[in-house]
Enquirer: 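Could you have a look at this structure, given as structure tokens, before my questions?
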Amino acid sequence: MKLTNTLSTMLDDPRLFRQHAYVNGKWTHGDGGREETVFDPATGEVIGYIPWLEAHQIREAVDAADAAFVHWRALRADERAERLMAWHDLLQAHREDLAIIMTLEQGKPLPDARGEVEYGASFVRWFAEEGKRTFGETIPSHIPNAALGTLKEPVGIATLITPWNFPLAMITRKAAAALAAGCTVVVKPAGETPFSALALAELAERAGIPAGVFNVVLGEPAEVSKILCAEERVKALSFTGSTRVGRLLLEQSAQTVKRVSLELGGNAPFIVGPDMDPKEAAFAAVAAKFQTAGQDCLAANRILVHESIHDEFVEHFAERMAALTVGNGMESEVDLGPLIHRQAVDKAAAIVDDAISRGATLVAGDQTRAPGENFFMPVLLTGVTPQMKVWREENFAPVAGVTAYRDDDEVIEMANDTEYGLAAYVYTHDIRRIWKLLRALEYGMVSVNSVKMTGPPVPFGGVKQSGLGREGGITGIDEYLETKYYCLGALGSVSGS
Ligand SMILES: NC(=O)c1ccc[n+]([C@@H]2O[C@H](COP(=O)([O-])OP(=O)(O)OC[C@H]3O[C@@H](n4cnc5c(N)ncnc54)[C@H](O)[C@@H]3O)[C@@H](O)[C@H]2O)c1
Ligand SMILES: N[C@@H](CC=O)C(=O)O
């Protein structure tokens with residue numbers, strides 16, 4: 001198998017850069033000799049290679065998770081919490097190395113990558129605590145001389161399949177909840193960004209998380225997921241990624257009736273009320289659109305601005321957008337890195353072309369200034385309508401589309417005119433309008449006058465075709481717990497208890 005060590009020379013701790021899968025506490029080659037090359041999207045240079053595991057090796061990961069489950073679930077919650085906190089501390093201690101790995105494989109600017117490491121670590125801390133609070137209930141008995149109640153038990157092995165846009169935090173938000181609940185996990189990261197996942201495995205091992213509890217498998221995505229979905233021993237599947245693949249996995253999991261959690265695509269409306277200062281709203285919209293170069297499930301995809309302030313808003317938006325620097329995320333002062341690969345650039349260009357051909361106006365976005373083949377300069381389109389792809393699809397690129405609306409009823413209809421329902425933004429200071437929109441928007445998350453909305457205490461997730469279940473928050477751990485009801489009968493006189 002090919003290996004390259006350029007990336008490791010950039011790290012304080014070169015052992016964080018791993019080019020093998022991690023199964024049962026061992027760094028593993030692919031038995032069939034298949035491998036995948038991983039590129040730096042900013043430069044197109046090879047940063048490493050990963051093996052593709054064969055079917056029997058994926059099953060060995062499940063064997064390992066199965067064997068480890070017996071011991072891991074038997075630990076007390078505070079013992080699991082200690083190991084999770086050690087993992088958290090190691091993530092923090094190696095923040096810089098983890099950020100470098102992330103920027104090189106994903107492309108996001110280094111300060112954003114540092115932010116993601118902290119964000120990812122924060123879920124580990126959160127669930128280390130939450131694991132100690134998986135309380136059951138006492139049920140007032142309707143059966144004479146019986147005590148009734150519930151226990152919370154780990155579901156078993158969980159498969160976690162994750163995307164490339166947040167290569168670390170999308171794993172920890174799932175894995176920390178699963179491990180805290182007493183489950184063991186088999187993680188399948190995106191092939192574009194495997195090295196963050198493998199660094200997580202290295203640190204999990206150092207944190208004392210036993211062999212078999214946290215496994216990272218690598219391989220051809222459809223092949224791996226088919227095996228894991230068909231495995232009866234895998235009891236839960238948690239997936240973050242596109243709605244297209246989410247649907248496939250839901251179907252595949254039906255045969256073994258798994259617990260399925262899906263965090264899928266978004267098509268967030270960003271609604272600006274007539275009372276807003278257009279400059280303040282435009283600056284917020286720029287922040288909500290261009291994070292991770294628009295490759296964010298929360299990115300403001302459709303910007304809906306009241307007609308009375310539309311033109312001023314557009315001017316300020318264009319001005320702010322023009323100040324964004326596009327470049328290699330390893331360089332300082334860069335706001336937007338590259339897109340993940342050339343197909344993403346082509347898709348963005350096609351969405352822009354489609355909008356223009358259907359009558360949208362291109363206010364800004366000169367692609368001749370792109371600093372490399374995977375880069376896409378921020379685009380601002382006005383006059384966007386529901387017939388355009390930029391309205392219907394999650395563009396997952398730095399393409400902002402603005403539409404003017406007349407009144408609250410119209411904007412509610414516009415905002416809900418999508419199969420997606422992940423997140424919506426509302427900018428207005430009118431409390432009646434806030435309440436009306438908050439109730440009428442068909443979204444799992446609505447953020448009012450704030451671009452930032454996520455974090456460990458938050459029940460993150462969508463409605464409609466944006467997903468099933470919630471991650472994070474006090475309910476995030478429930479995705480990995482079964483409720484076991486018990487009835488203790490013939491106890492003598494315990495009625496009323
Ligand atoms: N809701 C959320 O919390 C959230 C967070 C991040 C990203 N996302 C969504 O993720 C998408 C972008 O990520 P992506 O391009 O990596 O998504 P994707 O669906 O292409 O891939 C996600 C994962 O599925 C795997 N995969 C790809 N094709 C597969 C197949 N046929 N069978 C089984 N597995 C397969 C990939 O290797 C990867 O690990 C966007 O739609 C974005 O909105 C959602
Ligand atoms: N920004 C999101 C990830 C979506 O792509 C998050 O905070 O989970």
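The first residue in the sequence is number 1, and the count goes up from there. Order of appearance sets the numbers: ligands from 1, and atoms from 1 within every ligand.
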Enquirer: ring-ring contact (aromatic ring centres under 6.0 Å, His included) with Phe270: which of Tyr427, Phe313, Phe317?
Expert: Tyr427
Enquirer: Quick one: are the ring centres of Trp164 and Phe39 less than 6.0 Å apart?
Expert: no
Enquirer: For atom 8 (O) of ligand 2, which protein heavy atom lies nearest, and how many Å away is it?
Expert: Arg173 NH1, 2.9 Å
Enquirer: Return a yes/no value for Ser466: is any of its N or O atoms, backbone included, closer than 3.5 angstrom to an N or O of ligand 1?
Expert: no
Enquirer: Would you check whether Tyr119 has a nitrogen or oxygen atom less than 3.5 angstrom from a nitrogen or oxygen atom of ligand 2?
Expert: yes
Enquirer: Could you check atom 1 (N) of ligand 2 against the protein and tell me its nearest heavy-atom contact, residue, atom and distance included?
Expert: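 It is Asp296 OD1, 3.0 Å.
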Enquirer: Considering only heavy atoms, does Thr162 approach ligand 1 within less than 4.0 Å through its side chain, its backbone, both, or neither?
Expert: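 Thr162 to ligand 1: backbone contact only, side chain stays beyond 4.0 Å.
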Enquirer: Can a salt bridge be assigned to the pair Asp63 and Arg233 using a cut-off of 4.0 Å between side-chain N and carboxylate O?
Expert: yes
Enquirer: Give a yes or no on whether a salt bridge exists between Glu60 and Lys26, defined as a side-chain N under 4.0 angstrom from a carboxylate O.
Expert: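 Result for this pair is no, no salt bridge flagged.
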Enquirer: Below 4.0 Å, non-hydrogen atoms only: which portion of Glu223 touches ligand 1? Side chain, backbone, both or neither.
Expert: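 The answer is neither.
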Enquirer: Any nitrogen or oxygen of Asn165 lying under 3.5 Å from a nitrogen or oxygen in ligand 1? Just yes or no.
Expert: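 So ligand 1 has no N or O lying under 3.5 Å from an N or O of Asn165.
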Enquirer: Nearest non-hydrogen atom to atom 1 (N) of ligand 1 belongs to which of Leu264, Leu298, Leu228?
Expert: Leu264
Enquirer: Looking only at non-hydrogen atoms, which of Gly241, Ala423, Gly472 approaches atom 9 (C) of ligand 1 most closely?
Expert: Gly241
Enquirer: Might you confirm whether atom CD of Glu232 has over 12 heavy atoms from other residues, nucleotides or ligands at distances under 6.0 Å?
Expert: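 Atom CD in Glu232 is not crowded, with 12 or fewer foreign heavy atoms closer than 6.0 Å.
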Enquirer: Counting only heavy atoms closer than 4.0 Å, does ligand 1 sit against the backbone of Leu248, its side chain, both, or neither?
Expert: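 The answer is the side chain.
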Enquirer: Counting only heavy atoms closer than 4.0 Å, does ligand 1 sit against the backbone of Glu471, its side chain, both, or neither?
Expert: neither
Enquirer: Please classify the Leu422 to ligand 1 contact at 4.0 Å (heavy-atom distances, strictly less than): side chain, backbone, both or neither.
Expert: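 The part of Leu422 near ligand 1 is the side chain, not the backbone.
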Enquirer: Just to be sure I read this right, does ligand 2 sit under 4.0 Å from the backbone of Gln291, its side chain, both, or neither, counting only heavy atoms?
Expert: neither
Enquirer: Where on Ser225 is there a heavy atom closer than 4.0 Å to ligand 1, on the side chain, on the backbone, on both, or on neither?
Expert: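 Within the 4.0 Å criterion, Ser225 contacts ligand 1 through side-chain atoms alone.
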Enquirer: Between the candidates Tyr420, Phe239, Phe396, Trp164, which shows the shortest non-hydrogen contact distance to atom 16 (O) of ligand 1?
Expert: Trp164
Enquirer: Based purely on interatomic distance, does Thr240 place a nitrogen or oxygen under 3.5 Å from a nitrogen or oxygen of ligand 1?
Expert: no
Enquirer: Side chain, backbone, both or neither: which part of Phe460 has a heavy atom under 4.0 Å from ligand 1?
Expert: side chain
Enquirer: Tell me which protein heavy atom sits closest to atom 3 (C) of ligand 2, plus the residue, atom name and distance to 0.1 Å.
Expert: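 That would be Cys297 SG, 3.4 Å.
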